[in-house]
Asker: 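Let me give you the structure first, and then I'll get to my questions.
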Amino acid sequence: GRGGAMGFGKSKARMLDQDQNKVTFADVAGCDEAKEEVEEMVDFLKDPAKYQKLGGKVPRGALMVGPPGTGKTLLARAIAGEAKVPFFTISGSDFVEMFVGVGASRVRDMFEQAKKHAPCIIFIDEIDAVGRSRGAGLGGGNDEREQTLNQLLVEMDGFEGHEGIIVIAATNRSDVLDKALLRPGRFDRQVVVGLPDVRGREQILNVHLKKVPAADDVKIKYIAQGTPGFSGADLANLVNEAALFAARYNKRLVSMVDLEKAKDKLIMGAERRSMVMDEKEKKMTAYHEAGHAIVGRLVPEHDPVYKVSIMPRGRALGVTMFLPERDQYSASKRKLDSMISSLYGGRIAEELIFGWEQVSTGASNDIERATELARNMVTKWGLSQRLGPLAYSEEEGEIFLGRSVTQHKSVAEETSHTIDEEIRSIIDRNYERAETILKENEDILHAMADALMKYETIDKYQIDDLMERKPVREPKGWED
Ligand code: ADP
């Protein structure tokens, strides 16, 4: 909702002041990790000077990444609401106008306004509209968009931090963004806001059902179980529709039938939009993620697998979380091999269970990452005995006026052939190892996929149980 906002002359940004914005963290449900990650921003905004004196690292910009309707705007508003500071919002598409220079001047205006009202939050929705990587794409650069993006970078670099302005941008794809936006001091931290799992959906339904008079027969858990793939916005909509059904029949309370009817209506509407994850897709994803997790647990020196989920996050269908996710700057050869094996675990599990003909495209990102690792092992990190500890640089194709310029190769044809062979052999070796592991532990694979179908997200302790072939304990907060 954007009610009660007032527009600003040139900037098109809208400001909600502290009295108009009543959103708090209690209104945002089912994304506890994201909430934790933004908590320090509240501390900072409450008193920027004091925060800095106490030695806190000043947060400047954050990127919220996730599918539409998952609560990115809501969470950003909650930060402002908790800190009791003004909230400026603008959409990336508002910056992009027909006339060159308008977007850039809107950015300037917005920052000027924000400085007058600091501490505050600037929220840029759909940052991809301005923030796509420059020079890429057909037809070359778009002057207007690039000028706007450049102005945004200039503004973000221009403030020191003690002003107390935090810029939060939202997108559902961070991979298309210009790398310049992600540099330190800009949108240098990412907060992932994924689709909620079954418990998250229950919590979100709870928040929205508090706003309507609900009958005693309402079993929120059942509605949550029947709505995989629903975002927070879809769930808010569901409750709203149910209230409308109840009103149509002059009922005083919203009861289970109303919620069921609303659910069916939305699912039918959604199937056309292919939003709801169907049972088959869910099952495929469950085996895929279980495959990653099991291999990850059984190869040496692998980062601990602490969470597996089949709820989509950003572009990936499911996700298997390894700790630590970042910071792989120095890793042993053994560890790198293990990473490659676990990356292939998903694809292998799909093939093992559903057969080669059914294998999905779900592994494309895994394959890319595994290939990249193997390539780096051979060409950068000197981890191929045949090629020795040398760096073989193949200059990256530069993009010039939207077209990719011919690559300069600095390695001989024959060496290049050996590089390919070495990459291939690293991959084959690790693929085979993963395959053996999954064949030997097919019973665990089935059990883990079943648990994922039931819980959608499983935690470290549940994974421990599964790996020890014990009955899976119920996760925290999972009771009737
Ligand atoms: P996004 O910015 O990710 O597209 P929004 O924050 O605009 O999504 O969500 C739209 C509406 O959906 C919110 O105003 C709220 O009513 C509901 N909603 C979305 N996510 C959540 C959530 N995690 N908890 C509670 N309500 C939510």
Side-chain angles (χ1 to χ4, degrees), residues 1-5 13-14 16 20-39 41 62-82 87-94 121-129 131 167-174 187 190-212 214 220 223-224 227-244 254 259 262-263 266 269-270 273 275 309 311-315 456-457 477:
R2 305 222 150 81
R14 300 176 152 268
L16 276 180
Q20 292 165 316
N21 180 17
K22 303 269 183 242
V23 178
T24 66
F25 282 149
D27 298 302
V28 196
C31 50
D32 295 341
E33 281 168 36
K35 269 200 257 183
E36 266 167 43
E37 280 176 59
V38 300
E39 239 156 41
M41 295 186 192
L63 196 62
M64 291 198 182
V65 188
T70 45
K72 299 183 290 298
T73 311
L74 193 68
L75 185 58
R77 266 184 73 174
I79 301 169
E82 292 279 345
F87 181 71
F88 287 85
T89 105
I90 194 157
S91 168
S93 54
D94 292 338
I121 282 187
I122 295 177
F123 180 71
I124 306 173
D125 203 359
E126 299 174 51
I127 182 86
D128 19 331
V167 190
I168 297 176
T171 179
N172 58 357
R173 320 199 23 186
S174 59
F187 299 100
Q190 296 205 10
V191 179
V192 177
V193 190
L195 284 176
D197 63 16
V198 60
R199 272 174 298 159
R201 296 197 295 275
E202 191 176 338
Q203 289 159 5
I204 295 172
L205 284 165
N206 244 322
V207 166
H208 291 280
L209 272 164
K210 283 210 185 93
K211 299 174 189 163
V212 300
I220 298 181
I223 302 293
T227 47
F230 272 51
S231 67
D234 297 324
L235 295 168
N237 201 4
L238 188 156
V239 173
N240 201 30
E241 287 282 344
L244 290 176
V254 177
L259 288 164
K263 186 191 87 182
L266 290 178
R273 309 199 310 265
M275 170 198 76
S309 171
M311 283 296 105
R313 285 196 150 209
R315 279 199 308 155
E456 294 175 7
T457 304

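Owing to the predicted nature of the structure, the values given are computational and were not obtained by experimental measurement. Count residues from 1 along the sequence. First listed ligand is number 1; within each ligand, the first listed atom is number 1.
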Asker: Which of the numbered atoms in ligand 1 are below 4.0 angstrom from a heavy atom of Pro68?
Answerer: 4 (O)
Asker: I want to know if ligand 1 touches Ala236 in the polar sense, i.e. an N/O pair below 3.5 angstrom.
Answerer: no
Asker: Got a sec, which residues hit side-chain contact (heavy atoms from CB on, under 4.5 Å) with Glu82, two or more places apart in sequence or on another chain?
Answerer: Thr24, Phe25, Val42
Asker: Of the side chain and backbone of Asp27, name the one, both, or neither that has a heavy atom under 4.0 Å from an atom of ligand 1.
Answerer: backbone
Asker: Which ligand 1 atoms are under 4.0 Å away from a heavy-atom of His208?
Answerer: 15 (C), 16 (O), 17 (C), 25 (C), 26 (N), 27 (C)
Asker: Roughly how far apart are Ile223 CD1 and Ile220 CD1, rounded to 0.5 Å?
Answerer: 9.0 Å
Asker: Going by the order shown, which atoms of ligand 1 are within less than 4.0 Å of some heavy atom of Ala29?
Answerer: 22 (C), 23 (N), 24 (N), 25 (C)
Asker: When you measure from the heavy atoms of Val207 to every atom of ligand 1, does any distance fall below 4.0 Å?
Answerer: no
Asker: Checking side-chain hydrogen bond (donor to acceptor under 3.5 Å, both in side chains) between Arg77 and each of Asp27, Asn21, Thr89, which is the one that passes?
Answerer: Asn21
Asker: Does only the side chain of Ile204 get under 4.0 Å from ligand 1, or the backbone, or both, or neither? Count heavy atoms.
Answerer: side chain
Asker: Using the test side-chain hydrogen bond (donor to acceptor under 3.5 Å, both in side chains), find all partners of Asn237 that sit at least two apart in sequence or belong to another chain.
Answerer: none
Asker: Show your reasoning for whether side-chain contact (heavy atoms from CB on, under 4.5 Å) applies to Phe230 and Leu266.
Answerer: CA-CA 10 Å; Phe230 272 51; Leu266 290 178; 4.0 Å; yes
Asker: Looking at non-hydrogen atoms alone, which of Asp234, Leu195, Asn206, Leu74 comes nearest to atom 13 (C) of ligand 1?
Answerer: Leu74
Asker: For Gly30 and ligand 1, answer yes if some heavy atom of the residue is under 4.0 Å from a ligand atom, otherwise no.
Answerer: no
